[in-house]
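Remember, predicted model here, so these are calculated numbers, not experimental data. Position 1 is the first residue of the sequence; numbering continues from there. Scope of the values below: all heavy atoms of this structure, side chains included, with no hydrogens, waters or symmetry mates.
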Amino acid sequence: MPPSQLKRLKASLREQGLTGPQKSKKQKKAQNKNVDARAQKASALASIRESFNPFEFKHLSRPKKFSYATAQPENAQKKILGRPGVTKSQGEEARRKSLLPEMNRKNKVGGILDRRIGENDPTMSLDDRMMARFEREQQRKRGGNMFDLEDGDEEIELTHGGESLRFDDEIGDEDYDAASVSGSSVGDADEDGLKRKRGREDVDGEEGEGVPEEQPERKKSKAEVMKEVMAKSKLHKYERQAQKEDDDDLRDELDKDLNNVLEALRGHINKKPEPEQPKETPKNDFGINADRAALLAGTSQAQKDREYDIRVRQLLQDERAKPTERTKTEEEKAKEDANRLKELEEKRMKRMRGEPISDDEEPQKKKKGAEEEEEEDDDDDDMESENDDAAEFGLAAAPGQFSRPVGVDDEDDFVLDDDLIATDSEADISGDESDDASEVDDTMAMDDEDADFLKDVLPEPKVQPKAKNGVLTIGSESTSSKLAYTYACPRSHEELLTVFKDVTSKDISTVIQRIRALYHSGLHADNKHKLADFACALVDHASYLSNQTPAAPLSVIESIIRHVHSMSRSYPAQIATHFREHLKKLQISNEPTPGDLTLLTAIGYIYPTSDHFHQVVTPAITLMARWMGLTTPNSAKDIATGAFVGAVCLQYQKLSKRYIPEFIRYTALCLKSPHATPALLKPHTKNILTASDLWSASPAFIEIFTPLLSPLKSAAQTATSQNLRARLNSAKLRRRPQTLHFHRPLPIKSSVPKFEESFDPNKHYDPDKERSEATRLQKEYKREKKGALRELRKDANFIARESLREKKDKDRKYEEKYKRLVAEIQGEEGREKNVYEREKRKRQKN
């Protein structure tokens with residue numbers, strides 16, 4: 001049998017140390033002073049009290065189905081799910097704060113709302129409230145509403161629906177209803193009768209039948225008062241308009257006589273002779289405009305207004321001033337230059353990779369005159385009319401393919417404008433040239449670069465140039481040069497040789513400059529075709545000078561190539577076609593001459609060699625690779641030619657760095673050739689070192705240059721061989737063997753069930769996520785529904801308890817009042833009975 005509650009209580013007190021042997025007064029006093037001891041004692045008593053109340057805590061109704069081992073003691077495993085007593089008291093308190101006031105206000109209407117100023121505003125102090133109330137009171141005393149249409153002295157009339165609320169005239173004493181006046185309710189029949197009665201009185205008053213003459217005037221309604229106010233307002237408005245028109249007419253009449261008044265003020269009328277006066281100073285003339293005076297003199301008012309409207313419309317149609325372009329700062333200019341260079345570099349890289357370039361990516365060119373645009377359009381049309389056989393090295397060229405972008409310097413640093421211009425000698429052009437003088441565009445303007453170009457061409461301008469037989473003649477009386485200043489423009493190589501027959505080599509460049517200046521494309525429409533043929537003749541002349549024995553100086557050939565380079569910007573299609581004709585001859589012969597080598601070098605300087613495909617560069621490098629691949633060095637000439645062709649090929653690949661296997665093959669053959677000499681092998685070794693620098697980043701560097709070690713060793717090129725061997729060793733150190741990609745090891749698929757650490761047999765582990773989610777929502781809905789029903793039941797029980805309590809209080813008060821009244825009545829009856837008995841006994845004694 002379990003111990004009783006008393007024994008359990010004593011045992012718990014003994015275990016907590018609250019009871020035990022008797023303590024002395026000193027020990028008790030010390031214990032009471034210790035705060036920690038008192039707190040510990042209070043907590044121990046609270047725990048004992050809670051342990052003895054089985055309904056204070058909520059636990060599981062039954063133990064777990066499966067027992068399991070744990071490090072915690074058995075008592076600690078008993079989980080507390082809740083405290084019903086605390087939860088119930090909290091719910092009761094919350095309902096008493098929220099639900100009880102609502103229940104008390106139920107079925108109750110009305111009430112007094114405190115609308116005093118600042119009464120419900122906690123931010124206003126007492127002084128602020130008093131001041132606000134005082135201001136409102138003074139505002140009411142000063143007057144009514146400022147928008148009131150009634151006068152301030154008159155009495156304000158109350159209306160309802162346009163009808164007056166006065167009852168003294170319309171309603172008699174017999175129709176007076178106190179209930180209706182009190183505002184309880186008025187029937188529709190009474191209102192209709194009242195309206196009919198007022199209508200009959202109005203009609204009788206209008207007809208004048210049965211109405212005495214001394215009857216006082218009826219009080220006007222609000223609608224009638226408003227009509228009168230509107231009528232007065234319209235009348236005042238009309239009077240102001242009429243006054244304004246009168247003023248305008250008077251002003252017009254005065255304006256008609258204003259001319260006479262001004263003339264009289266100026267002294268033109270009745271001017272009398274005056275004595276001599278000092279010289280008059282100019283004065284500002286403030287007279288009326290002559291056009292306006294003439295307009296006002298002989299026209300009517302309607303015509304004046306019409307003319308005024310016309311002038312106003314003309315002013316509205318005038319074009320407004322437009323702001324000019326803002327001057328850019330140095331930072332903005334630098335930024336634009338950087339962006340333009342980036343665009344040009346991106347375009348060059350795309351050309352190198354062979355990617356198409358759209359029109360939007362083309363760099364923007366400088367604006368040109370209308371005549372130059374038309375000439376360029378003609379060139380574009382001519383180029384587009386040819387068939388595009390670029391794949392077979394045709395003659396067509398894409399528009400803008402040959403011209404260099406604006407701002408990019410030439411490879412040979414030959415800086416010239418797009419079109420070298422002439423001086424102001426076109427002023428005296430006769431014949432057809434005088435007709436075309438107006439077509440010269442803006443590029444004819446002289447600038448610093450043009451002056452530098454023409455300072456060696458023309459002497460100091462003392463005599464105006466003249467045109468003879470369509471050719472400009474520039475006088476040179478003071479010049480010290482024996483060269484002529486005017487030459488006919490040669491359009492073929494034979495004509496060019498005729499012009500250069502009496503010209504020394506050092507003066508060829510000057511003659512070319514003068515021809516270009518005299519036959520500038522802006523001077524005449526035919527000069528464009530003349531200069532194009534002249535440029536082709538210069539290409540032939542550069543090849544001709546190289547083939548001569550002895551050959552012309554390299555400086556002369558270089559100057560001719562620079563002129564061709566400058567003119568290729570303006571005439572790209574003609575010059576490119578002429579270069580391709582020379583390449584066609586080289587393809588047929590397969591024996592490069594010094595002239596062919598000169599043109600191959602010029603092509604590398606004139607055109608971009610890094611493009612993936614170019615109409616001139618691609619055939620040139622193809623022909624050079626073909627010659628090196630199909631030719632065997634059988635003589636010293638072949639060895640020297642091979643060294644030069646190899647150097648040109650390497651120069652072509654300076655930017656693109658494309659591999660040329662024919663170069664390695666021909667160089668190895670030259671090193672092994674019996675006709676090789678140390679002087680002939682020196683340029684070959686130089687080409688080998690240049691190629692090693694060019695292809696040093698190639699992954700096949702070892703395979704490319706290893707075959708050259710043995711020929712270099714046999715040719716006794718020790719320095720070059722050691723240099724190349726060192727580079728090969730460095731390339732071997734940089735090369736790493738190929739390895740497979742490192743992949744993360746994939747785990748083997750396992751069929752072992754997933755282990756749940758917090759597995760609960762009552763919980764369902766559904767693999768279908770949607771179905772599990774739907775089940776969870778259903779359970780949550782049921783739980784919330786049960787909770788809502790539980791709360792509604794608790795609310796109903798609370799309302800029932802409160803209603804019962806109120807009823808009991810009411811009944812108790814009623815009983816107390818009833819008993820008090822009964823006791824008072826009984827006490828009064830007892831007193832009266834006693835008085836009656838005493839009176840009765842008194843009478844009986846008498």
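Checking side-chain atoms of Thr498 against main-chain N and O of Glu494 turns up a donor-acceptor pair under 3.5 Å. For Asn339 (side chain) and Lys335 (main-chain N/O), a donor-acceptor pair under 3.5 Å exists by modelled atom type.
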Checklist line | Intermediate values then yes/no, side-chain contact (heavy atoms from CB on, under 4.5 Å), Ile660 and Ile621 | finding: CA-CA 10 Å; Ile660 304 176; Ile621 195 172; 4.2 Å; yes
Next item on the list: Apply the test side-chain contact (heavy atoms from CB on, under 4.5 Å) to residues Gln513 and His563: give CA-CA distance (whole Å), side-chain angles for both, the deciding distance (0.1 Å), then the verdict.
Entry: CA-CA 8 Å; Gln513 289 180 356; His563 281 285; 3.3 Å; yes
Check: Can His582 and Asp540 be said to form a side-chain contact (heavy atoms from CB on, under 4.5 Å), step by step?
Finding: CA-CA 9 Å; His582 283 273; Asp540 295 338; 2.6 Å; yes
Next item on the list: Step by step, work out the side chain to side chain donor-acceptor pair (under 3.5 Å) result for Thr690 and Asn687.
Entry: CA-CA 5 Å; Thr690 304; Asn687 289 343; 5.2 Å; no
Notebook entry, point to check: Between Tyr607 and Gln615, is a side-chain contact (heavy atoms from CB on, under 4.5 Å) present by the stated rule, with each step listed?
Noted result: CA-CA 10 Å; Tyr607 300 107; Gln615 284 82 355; over 6 Å; no
Next item on the list: Could you please spell out the steps behind the side chain to side chain donor-acceptor pair (under 3.5 Å) verdict for Thr504 and Asp507?
Entry: CA-CA 5 Å; Thr504 60; Asp507 295 332; 2.9 Å; yes
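Residue pairs meeting the side-chain hydrogen bond (donor to acceptor under 3.5 Å, both in side chains) criterion with at least one partner in residues 546-557, sequence neighbours excluded, are Tyr544-Gln548, Ser546-Thr598. Contacts classified as salt bridge (Lys or Arg N to Asp or Glu O under 4.0 Å) and involving residues 671-697 (residues at least two apart or in different chains) are given here: Asp693-Arg727.
Residues Asp526 and Tyr519 are not in side-chain contact: their nearest non-hydrogen atoms beyond the backbone lie 4.5 Å or more apart. Contact annotation: the side chain of Gln717 never approaches that of His684 to less than 4.5 Å [non-hydrogen atoms, C-beta and beyond]. Put simply, the side chain of Pro608 reaches to within 4.5 Å of the side chain of Arg351, judged on heavy atoms. Side-chain contact between His578 and Glu581: present, with at least one pair of heavy atoms (C-beta onward) separated by less than 4.5 Å. Residues Met567 and Ser570 are not in side-chain contact: their nearest non-hydrogen atoms beyond the backbone lie 4.5 Å or more apart. Taking the side chain as every heavy atom from C-beta outward, Arg348 and Met352 approach each other to under 4.5 Å. Contact annotation: the side chain of Tyr571 approaches that of Ser521 to within less than 4.5 Å [non-hydrogen atoms, C-beta and beyond]. Taking 4.5 Å as the limit, every side-chain heavy atom of Thr609 sits out of range of all side-chain heavy atoms of Lys654.
Using cut-offs of 30° and 60° on the angle between ring planes, the pair His493 and His541 is tilted. Ring-plane geometry between Trp695 and Phe705 is classed as tilted, the angle between the planes lying from 30 to 60 degrees on a 0 to 90 degree scale.
Here Arg626 contributes atom CZ and Leu586 contributes atom CG; the two are 8.0 Å apart, rounded to the nearest 0.5 Å. Ser610 OG to Lys657 NZ: the interatomic distance, rounded to the nearest 0.5 Å, is 12.0 Å. To the nearest 0.5 angstrom, Leu600 atom CG is 7.5 Å from Leu623 atom CG. Thr622 OG1 to Glu662 CD: the interatomic distance, rounded to the nearest 0.5 Å, is 9.5 Å. Annotation: the span from Phe701 atom CZ to Leu724 atom CG amounts to 6.0 Å, rounded to 0.5 Å. One finds the OG atom of Ser635 at 10.0 Å from the CG atom of Leu680 (value rounded to the nearest 0.5 Å).
In Leu709, the CG atom is crowded: over 12 heavy atoms of neighbouring residues, nucleotides or ligands sit closer than 6.0 Å. Sparse packing is recorded around CD of Glu591, with 12 or fewer heavy atoms of other residues, nucleotides or ligands lying under 6.0 Å away.
Residues Lys333 and Lys328 approach most closely at CE-O, 3.6 Å, considering heavy atoms. Nearest heavy atom pair, residue Leu671 against residue Ile688, reads CD1-CD1, 4.0 Å. When all heavy atoms of Arg353 and His612 are compared, the closest pair comes out as C-CB, 3.7 Å. The nearest pair of heavy atoms linking Leu518 to Thr486 is CD1-CA, 3.5 Å. Residues Tyr666 and Ile639 approach most closely at OH-N, 4.4 Å, considering heavy atoms. Across all their heavy atoms, Leu728 and Ile702 have their closest contact at CD2-CA, 3.8 Å.
Among Leu669, Thr641, Thr667, the one residue that satisfies the side chain to side chain contact (heavy atoms under 4.5 Å, CB included) test with Pro633 is Leu669.
Comment: Glu558 engages Arg562 in a salt bridge, judged by a side-chain N to carboxylate O separation of less than 4.0 angstrom.
For the side-chain hydrogen bond (donor to acceptor under 3.5 Å, both in side chains) test, no residue two or more places apart in sequence or in another chain qualifies with Gln587. Applying the salt bridge (Lys or Arg N to Asp or Glu O under 4.0 Å) test to Glu495 and every residue at least two apart in sequence or in another chain returns nothing. For Phe644, the side chain to side chain contact (heavy atoms under 4.5 Å, CB included) test picks out Leu597, Thr601, Val648, with sequence neighbours left out. Partners of Ala726 according to the side chain to side chain contact (heavy atoms under 4.5 Å, CB included) rule, which considers only residues two or more places apart in sequence or in another chain, do not exist here.
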